[in-house]
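Given the structure is predicted, the values throughout are model-derived calculations rather than measurements.
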Amino acid sequence: MSLAMKIACLVAYALGLAALVGLIHGPLASIAAIVTIALLGVHALELLYAFRFLHRYRGSMGMSVLLAMLFGVLHWAPLARQSKT
């Protein structure tokens with residue numbers, strides 16, 4: 001389930017990028033742009049809450065922030081469930 005949701009996020013971002021560079025036109029481009037902006041906005045707001053959990057990621061903090069911006073709760077919720085040690 002989580003993998004499918006991550007793929008859906010990546011597809012939404014790809015469509016938004018395609019709209020930005022002019023590869024798609026019309027209503028689909030507008031919808032893709034709106035969805036992409038909305039996803040990034042929601043994930044930015046989530047980042048304010050989830051920042052305290054991101055240090056638990058095994059990689060760098062920068063990569064954890066990037067993953068939180070891309071995938072939101074799909075990235076930080078498992079980190080929040082980890083023990084604090």
Side-chain angles (χ1 to χ4, degrees):
M1 178 68 149
S2 176
L3 179 61
M5 293 173 72
K6 286 181 179 181
I7 290 171
C9 282
L10 292 175
V11 168
Y13 294 136
L15 286 172
L17 186 60
L20 179 70
V21 298
L23 296 176
I24 56 176
H25 304 283
L28 179 60
S30 298
I31 292 168
I34 291 168
V35 167
T36 300
I37 291 168
L39 273 175
L40 288 173
V42 167
H43 291 168
L45 291 173
E46 281 181 303
L47 190 61
L48 297 173
Y49 170 77
F51 197 77
R52 60 186 164 171
F53 305 120
L54 298 183
H55 71 279
R56 297 178 186 171
Y57 180 66
R58 292 185 183 207
S60 70
M61 184 63 161
M63 181 58 74
S64 190
V65 169
L66 176 65
L67 291 171
M69 282 299 296
L70 288 175
F71 303 117
V73 73
L74 298 173
H75 173 67
W76 64 261
L79 298 174
R81 287 191 294 265
Q82 289 179 0
S83 67
K84 293 184 181 183
T85 59

Hydrophobic cluster membership, with links at side-chain heavy-atom distances under 4.5 Å among I/L/V/M/F/W/Y: are V73 and M5 in one?
yes
All side-chain contact (heavy atoms from CB on, under 4.5 Å) counterparts of I7, not counting sequence neighbours
L3, V11
Only pairs under 3.5 Å count here: list side-chain donor-acceptor contacts from residues 61-70, not counting sequence neighbours, and write none if there are none.
| unit_1 | atom_1 | unit_2 | atom_2 | d |
| --- | --- | --- | --- | --- |
| S64 | OG | L54 | O | 3.1 |
| S64 | OG | H75 | NE2 | 3.0 |

Apply the hydrophobic cluster definition, ILVMFWY joined by side-chain contacts under 4.5 Å directly or through others, and give me every member besides V42.
none
Are L10 and L17 grouped together when hydrophobic residues (ILVMFWY) are joined by side-chain heavy atoms under 4.5 angstrom apart?
no
Can you give me every donor-acceptor pair (side chain of residues 18-30, partner residue at least two apart or in another chain, under 3.5 Å) with its distance?
| unit_1 | atom_1 | unit_2 | atom_2 | d |
| --- | --- | --- | --- | --- |
| H25 | NE2 | G22 | O | 3.0 |

same_hphob_cluster(L40, Y49) at 4.5 Å side-chain heavy-atom cutoff
yes
Residues that F71 engages under ring-ring contact (aromatic ring centres under 6.0 Å, His included), provided they are two or more places apart
none
Pairs where residues 33-45 contributes a residue and the test side chain to side chain donor-acceptor pair (under 3.5 Å) is met, not counting sequence neighbours:
Y13-H43
Joint hydrophobic cluster, F51 plus F53, side-chain heavy atoms closer than 4.5 Å:
yes
